[in-house]
Colleague: 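To start, I am sharing the structure in question, which I have written as structure tokens.
These numbers come from a predicted model, not from an experiment.
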Amino acid sequence: MNKVITIGRQYGSGGREIGEKIAKKYDIPFYDNELITRAAKESGFAEETFEKAEEKATNSLLYSLAMGINVYGNQDFGFAGLSLDDRIFLAQSDVIRKVAKEGPCVIVGRCADYVLKEQENVFNIFVSASMDYRLKRAIENYGIDEKKAAEFIIKNDKRRGNYYNYHVGEKWTNLNNYDLVIRSDISGIDKTVECICTYLGE
């Protein structure tokens, strides 16, 4: 395996579990919350700061106002001109680039497909599933209250979408951003892993 695999996923689709299984199959590192821990250590920011930055993205308008102006493309602004959350994103992005350069790995979420768009041998996957499948997983696997599960799923998808849209400037659900889009509810988690590995050709 000589690829860095990024995984975007709808909440409850099993994307994280799929990523873990792929990493285990190829015996390569798996990164999710581990990125926050490492970014916190290297940047000096508290881990809670990274977590709160992601949680704020539930409301796109309020999130944009809270972040201030998105100035990534403006060379007139230096690092000091960025909001705290923009600096958090850049610190996390720096860690993503570092782990990708260290060798093959699996990275879940955090706009990794965008962050690594200039790097070779990066394979971007998006995992989706039907709402019924995601509801079942949310209730049975994650312990979400049955009455609140649908609202919880929608809220988390919205948060992920807003976070991606704000930092990347594109729709999270734009399938053209990914090399492979796959539905985990069609064949189940393990078969989805097999399908992805077959597609990778290794």
Side-chain angles (χ1 to χ4, degrees), residues 1 3-37 47-48 50-60 62-63 92 96 105-114 123-168 170-200:
M1 164 59 64
K3 294 183 177 70
V4 172
I5 302 163
T6 76
I7 298 181
R9 75 282 187 224
Q10 290 181 311
Y11 185 87
S13 64
R16 189 183 196 281
E17 184 180 349
I18 288 167
E20 287 180 312
K21 286 178 178 288
I22 291 172
K24 186 175 181 179
K25 176 179 174 62
Y26 292 120
D27 192 25
I28 59 177
F30 172 83
Y31 296 104
D32 184 8
N33 294 328
E34 297 83 357
L35 291 171
I36 290 180
T37 301
E47 287 188 37
E48 293 78 10
F50 287 85
E51 293 165 358
K52 288 179 180 178
E54 294 184 6
E55 290 171 2
K56 286 180 183 177
T58 302
N59 184 298
S60 57
L62 293 180
Y63 185 60
Q92 189 166 260
I96 289 173
C105 60
V106 176
I107 304 173
V108 173
R110 296 180 174 81
C111 309
D113 60 301
Y114 170 76
F123 189 82
N124 303 312
I125 299 169
F126 189 84
V127 181
S128 65
S130 68
M131 178 57 84
D132 286 343
Y133 180 82
R134 295 193 286 148
L135 279 169
K136 184 177 180 181
R137 281 185 57 84
I139 296 166
E140 295 180 359
N141 294 42
Y142 310 148
I144 307 300
D145 184 273
E146 186 173 352
K147 296 179 181 178
K148 299 179 180 179
E151 180 184 351
F152 192 82
I153 288 173
I154 293 170
K155 182 178 180 180
N156 273 277
D157 276 354
K158 188 174 183 180
R159 175 178 58 80
R160 289 175 181 176
N162 290 339
Y163 184 84
Y164 189 95
N165 296 351
Y166 173 78
H167 288 293
V168 177
E170 293 186 25
K171 291 288 186 182
W172 176 57
T173 51
N174 180 359
L175 304 185
N176 290 325
N177 293 332
Y178 309 99
D179 301 299
L180 176 66
V181 179
I182 190 163
R183 283 182 54 179
S184 57
D185 58 316
I186 300 297
S187 303
I189 300 298
D190 290 336
K191 287 292 184 182
T192 299
V193 171
E194 287 181 24
C195 181
I196 292 171
C197 292
T198 298
Y199 194 86
L200 287 169

Colleague: Taking all atoms of both residues into account, what is the closest heavy-atom pair of Y163 and Q92, and its distance?
Modeller: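 Where Y163 meets Q92 most closely, the heavy atoms are OH-NE2, 3.4 Å.
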Colleague: For A112 and I107, which heavy atoms make the closest approach, and how far apart are they?
Modeller: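 Minimum heavy-atom separation between A112 and I107: CB-CG2, 3.7 Å.
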Colleague: For a quick test of reading the model, state the closest non-hydrogen atom pair linking G14 to I189 and the distance between them.
Modeller: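 Smallest heavy-atom distance, with atoms named: CA-CD1, 3.9 Å.
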Colleague: Answer yes or no: is there a donor N or O on one side and an acceptor on the other, between the side chain of N165 and the main chain of W172, under 3.5 Å?
Modeller: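 At least one qualifying donor-acceptor pair exists.
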Colleague: Please report the interatomic distance CG(N156) to CD(E151), rounded to the nearest 0.5 Å.
Modeller: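 The CG atom of N156 sits 10.5 Å away from the CD atom of E151.
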Colleague: Mind checking side chain to side chain donor-acceptor pair (under 3.5 Å) for E194 and listing every partner two or more places apart, or none if nothing turns up?
Modeller: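 Side chain to side chain donor-acceptor pair (under 3.5 Å) check on E194 returns nothing, list empty.
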Colleague: Could you pull out the closest heavy-atom pair between E146 and I139, with the gap in Å?
Modeller: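 The pair with the smallest heavy-atom distance is CG-CD1, 3.7 Å.
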Colleague: When rounded to the nearest 0.5 angstrom, what distance separates CD1 in I153 from OH in Y11?
Modeller: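 Here the rounded value is 7.5 Å.
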Colleague: Measuring from atom NZ of K3 to atom CG of D179, what distance do you get when rounded to the nearest 0.5 angstrom?
Modeller: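 If we round to the nearest 0.5 Å, K3:NZ and D179:CG are 10.0 Å apart.
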Colleague: Mark yes or no for whether Q10, through its side chain, and A129, through its backbone, hold a donor-acceptor pair below 3.5 Å.
Modeller: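 Here the side-chain-to-backbone pair exists.
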Colleague: Among residues at least two apart in sequence or on other chains, which ones pass side-chain contact (heavy atoms from CB on, under 4.5 Å) with D132?
Modeller: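 Here the qualifying residues are S130, L135.
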Colleague: Who passes side chain to side chain donor-acceptor pair (under 3.5 Å) against S187, sequence neighbours left out?
Modeller: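 Here no residue qualifies.
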Colleague: How many angstroms lie between atom OH of Y199 and atom CD1 of I182, to the nearest 0.5 angstrom?
Modeller: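 Reported value, rounded in 0.5 Å steps: 10.0 Å.
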Colleague: Nearest 0.5 Å please: distance from the CZ atom of R9 over to the CZ atom of R134.
Modeller: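 So the CZ of R9 and the CZ of R134 are separated by 11.5 Å.
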Colleague: What's the spacing between R110 CZ and Y31 OH if we round to 0.5 Å?
Modeller: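 R110 atom CZ to Y31 atom OH measures 13.0 Å (nearest 0.5 Å).
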Colleague: Centroid-to-centroid, F152 to Y142, below 6.0 Å?
Modeller: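 Between F152 and Y142, the centre distance exceeds or equals 6.0 Å.
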Colleague: How far apart are the C-alpha atoms of L200 and I5, what are their side-chain angles, what is the distance that settles it, and do they pass the side-chain contact (heavy atoms from CB on, under 4.5 Å) test?
Modeller: CA-CA 10 Å; L200 287 169; I5 302 163; 3.7 Å; yes
Colleague: Looking at residues at least two apart in the chain, or sitting in another chain, which of them share a salt bridge (Lys or Arg N to Asp or Glu O under 4.0 Å) with D113?
Modeller: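 Residues passing salt bridge (Lys or Arg N to Asp or Glu O under 4.0 Å) with D113: none at all.
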Colleague: Taking only distance into account, with no hydrogens and no angle test, what donor-acceptor pairs under 3.5 Å do side-chain atoms of residues 17-24 form with protein atoms, sequence neighbours excluded?
Modeller:
| residue | atom | partner | partner atom | Å |
| --- | --- | --- | --- | --- |
| E17 | OE1 | R137 | NH2 | 3.3 |
| E20 | OE2 | R16 | NH1 | 2.7 |
| K21 | NZ | D190 | OD1 | 3.3 |

Colleague: For atom CG of D27, decide whether the heavy atoms of other residues, nucleotides or ligands shown that lie under 6.0 angstrom number more than 12.
Modeller: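 Result for CG/D27: open.
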Colleague: Restricting to side chain to side chain donor-acceptor pair (under 3.5 Å), what partner residues turn up for N124, sequence neighbours left out?
Modeller: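 Result, side chain to side chain donor-acceptor pair (under 3.5 Å) vs N124: T6.
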